[in-house]
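Before I ask anything, here is the structure I am working with.
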Amino acid sequence: MLDPKFLRNDIEKTAELLANRGFKLDVDLINSLEEKRKSLQIQTESLQAERNSRSKEIGMAAKRGEDIAPLREQTAELGAQLDAAKEEFTALAAQIQEIAYTIPNLPHESAPIGKDEDENVEISTWGTKKSFDFEVKDHVDLGEALGGLDFKSAVKISGSRFIVMQGQIAKLHRALAQYMLNLHTNHHGYTEMYVPLLVNADSLYGTTQLPKFGDDLFNTKPATEEGVGMSLIPSAEVPLTNMSRDVIYDEADLPIKITSHTPCFRSEAGSYGRDTRGLIRQHQFDKVELVQFVHPEKSFEALEEITMHAEQVLKNLELPYRKVVLCTGDMGFSATKTYDLEVWVPAQETYREISSCSNVGDFQARRLQARFRPAGKKKPELIHTLNGSGLAVGRTLVAVLENYQLEDGRIEIPTVLQHYMGGLTHIG
RNA sequence: GGAGAGGUGGCCGAGUGGCCGAAGGCGCUCCCCUGCUAAGGGAGUAACGAGUUUAUAGCUUGUUCGAGGGUUCGAAUCCCUCCUUCUCCGCCA
């Protein structure tokens, strides 16, 4: 959620920045609602103040043994007025909040301005694309031929966009996740976390999946007026980032760096027809997530760092990739700035997203009430939160299968993973 | 799943209808005292929102005692629902 002060004091500038990401802020509507809010709030609060002081008087009169019946009657009338004002104010405040919830974060000035993914800017490329002197197969053909990817069984058991993995491929998938976790905990300073995969609505509001993106979630109960029950996490970002909810950290505790390997569940509503083949877009996939809570002045520094941590996985796996900074029009709802890492996928002859690292600024922290107490100061301030995939495990498996394929259909195992595979050098 | 007892400020803990936003303690900050240290004395110390303001200063004001409803002129205190913690029993990887 944006700082409401932006909407009150600097709405034109805010609208301009939001326009960069293709969001049209209804300035006139907000201005008129705000104006109403202000007068209504003043009115309501002064009625409340009046009631409070009268009630106090009644209490004192009662103590003196005076007759309080007439006073009570008078105040009862005031109460009716107050109830009406309160009701009106609550409705208006709810309307304003509903709008506020749908406003995305302001892009940072260093994010390039653009409409959509075509205007993302490549920052760097790494690694050499292997030249294959045979026709490359995609991971589906490779995996099925090796008996390790079983799409048919997954359809039978659950439906499309699920996968059954088997044998060495299942093990390779596990090895990838283990390797990533070990790298981040042993070398990048993250603390490993085991977290719930089912979360409550408060958590989803905290990380801004709700109220706007509820359709992307799998819920344990259909949404009703009573609530939605619990939801399967779309990313470990949700439980990890919610660790900070309603916490006031000591400044010395920052930065906090945590990581977790979890399955992620996404309904992928609205993406029918895209990436229907293979493991690229699944309802369930594994991911190793990196989350940092940092001092507000350090968050852009931290974004570079967290991105580097994700890049290190690709480098160590010797997978060619490129780093892209998302333009304002392609950034996620809560991000101020995002780097995507895209891995080379030989069969598609293109780079595909495998990690997304974002500085969220105080956007989530405001909803989470995630704060720290600056040394020597009384007032707590909002922290900044960051998250990054380090990496999406399923897509990394795709990249390994395709980039490490041999002409005979076998897969070479990247050096750093061989240890995790019991010394195995090839699959197949 | 059953029975019982709880949830109060950074922490502990008192408070069963009216100067209670909340005694007391711990912690923390500042000051005094003590030639260091330990101890002692004094003062201060919740969050969030609105208005005013150059101001995250001050002032005025509202809300918040697990959450949400209700009763009342007035609720930490009474009633209802939910969440959650602990103890005992049951079940269980």
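Every chain is numbered from 1, with letters handed out A, B, ... down the list of sequences. Computed from heavy atoms alone, side chains included, the values below leave out hydrogens, waters and symmetry copies.
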Touch class at under 4.0 angstrom, heavy-atom based, for A:Leu71 against every strand present: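 It contacts nothing in the nucleic acid.
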Length of the CD1-C1' vector between A:Ile248 and B:C48, whole Å: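 It is 11 Å, rounded to the nearest whole Å.
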Separation between the P atoms of B:C59 and B:G68, rounded to whole Å: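 The answer is 29 Å between these two P atoms.
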Identity of whatever pairs with B:U60 - Watson-Crick or G-U, under 3.5 angstrom: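 Paired with B:U60, as far as the under-3.5 Å criterion goes, is B:A50.
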A:Lys5 NZ - B:G51 P separation (whole Å):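 To the nearest whole Å, that distance equals 9 Å.
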Proximity to the side chain of A:Pro380 - top-ranked nucleotide from B:G21, B:U61, B:A47: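 Ranking B:G21, B:U61, B:A47 by closest atom to the A:Pro380 side chain puts B:A47 first.
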NZ (A:Lys315) with more than 12 external heavy atoms under 6.0 Å: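 More than 12 within 6.0 Å, yes.
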P-based separation of B:G15 from B:G6 [nearest Å]: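 B:G6 and B:G15 have their P atoms separated by 12 Å.
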Among B:G49, B:G62, B:G21, the one nearest A:Lys56 by side-chain distance: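 The nucleotide sitting nearest to the side chain is B:G21.
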Sugar-phosphate, base or nothing in reach of A:Thr75, heavy atoms under 4.0 Å: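 It contacts sugar-phosphate atoms only.
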Atom-to-atom span, CZ of A:Arg245 to P of B:A67 - whole angstrom: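 The distance from CZ of A:Arg245 to P of B:A67 comes to 14 Å, rounded to the nearest Å.
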Within residues 274-293 of chain A or reaching into it, pairs that qualify as salt bridge (charged side-chain N to carboxylate O under 4.0 Å, His left out) - sequence neighbours excluded: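 Counting only pairs at least two positions apart or across chains, the salt bridge (charged side-chain N to carboxylate O under 4.0 Å, His left out) contacts touching residues 274-293 of chain A are A:Asp138-A:Arg277, A:Asp141-A:Arg277, A:Glu268-A:Arg281, A:Asp275-A:Arg281, A:Asp275-A:Arg352, A:Lys287-A:Glu289.
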Sugar-phosphate only, base, or nothing, as touched by A:Asn52 at under 4.0 Å among non-hydrogen atoms: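 Contact class for A:Asn52: sugar-phosphate only.
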Proximal nucleotide (of B:C73, B:U63, B:U61) relative to the A:Gln48 side chain: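 That would be B:U63.
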Any A:Arg51 side-chain nitrogen or oxygen under 4.0 Å from OP1 or OP2 of B:U63: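 Result: yes.
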Spacing of the C1' atoms in B:A75 and B:A22 (rounded, Å):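 Approximately 13 Å lies between the C1' atom of B:A22 and that of B:A75.
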Atom-to-atom span, CE of A:Met230 to P of B:U84 - whole angstrom: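 Value for this atom pair: 9 Å.
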Residues, nucleotides or ligands: over 12 heavy atoms within 6.0 Å of A:Met243 CE: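 At most 12 heavy atoms, drawn from other residues, nucleotides or ligands, come within 6.0 Å of this atom.
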Inter-nucleotide C1' distance (B:G35, B:A39), Å rounded: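 Here B:G35 and B:A39 have their C1' atoms 16 Å from each other.
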Main-chain N/O of A:Tyr249 paired to A:Asp253 side chain as donor or acceptor, under 3.5 Å: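 Side chain of A:Asp253 to backbone of A:Tyr249, a donor-acceptor pair under 3.5 Å: no, none is there.
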Whole angstrom value for the distance that separates C1' of B:G66 from CG of A:Asp202: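 Taking CG of A:Asp202 and C1' of B:G66, I get 12 Å after rounding.
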Inter-nucleotide P distance (B:C73, B:A67), Å rounded: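 Approximately 25 Å lies between the P atom of B:C73 and that of B:A67.
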Touch class at under 4.0 angstrom, heavy-atom based, for A:Arg371 against every strand present: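 Sugar-phosphate only.
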A:Ile42, nearest nucleotide to its side chain (from B:U63, B:G51, B:C73):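 In terms of side-chain proximity for A:Ile42, the closest of B:U63, B:G51, B:C73 is B:G51.
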Candidates B:G51, B:G18, B:C48 - which lies nearest the side chain of A:Arg37: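 Of B:G51, B:G18, B:C48, B:G51 is nearest to the side chain of A:Arg37.
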Value in whole Å for how far the P atom of B:G51 lies from CG of A:Leu40: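 Taking CG of A:Leu40 and P of B:G51, I get 13 Å after rounding.
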Toward the 5' end of RNA chain B, by each residue's nearest nucleotide, A:Ser46 or A:Glu34: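 The answer here is A:Glu34.
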Euclidean distance, atom CD of residue A:Glu251 to atom C1' of B:C28 [Å, nearest integer]: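 Value for this atom pair: 16 Å.
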Mutual orientation of the aromatic rings belonging to A:His283 and A:Phe218 [parallel < 30°, tilted 30-60°, perpendicular > 60°]: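 Judged by the thresholds at 30° and 60°, the geometry between A:His283 and A:Phe218 is perpendicular.
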Inter-nucleotide P distance (B:G44, B:G24), Å rounded: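 That atom pair is separated by 11 Å.
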Nearest-nucleotide 5' precedence on RNA chain B, A:Arg54 against A:Gly59: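 Counting from the 5' end, the first nearest nucleotide belongs to A:Gly59.
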C1'-based separation of B:U8 from B:G13 [nearest Å]: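 Here B:G13 and B:U8 have their C1' atoms 9 Å from each other.
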Geometric class of the A:Tyr101/A:Tyr205 ring pair [parallel <30°, tilted 30-60°, perpendicular >60°]: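 Tilted: the ring planes of A:Tyr205 and A:Tyr101 meet at 30° to 60°.
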Under-3.5 Å donor-acceptor pair between A:Glu57 side chain and B:G18 base: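 No such pair is found, so the answer is no.
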Distance between C1' atoms of B:U37 and B:C20 (Å, rounded):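 Comparing C1' positions in B:U37 and B:C20 gives a spacing of 42 Å.
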Any donor-acceptor N/O pair, A:Asp250 side chain to A:Ala252 backbone, under 3.5 Å: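 Not at all, since once roles are kept as given, no pair shorter than 3.5 Å links the two residues.
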Distance in angstrom units between A:Phe89 CZ and B:G51 P, rounded: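 About 10 Å, once rounded to whole Å.
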Ring geometry between A:His188 and A:His184 (parallel below 30°, tilted from 30 to 60°, perpendicular above 60°):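 It falls in the tilted class, 30° to 60°.
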Name the pairs: protein N/O against N/O of nucleotides 52-55 of chain B, kept only if under 3.5 Å.
residue: B:U52; atom: OP1; partner: A:Lys38; partner atom: NZ; Å: 3.4

A:Asn359 and A:Ser299 side chains, donor-acceptor separation under 3.5 Å: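 Indeed, the side chains of A:Ser299 and A:Asn359 share at least one donor-acceptor pair under 3.5 Å.
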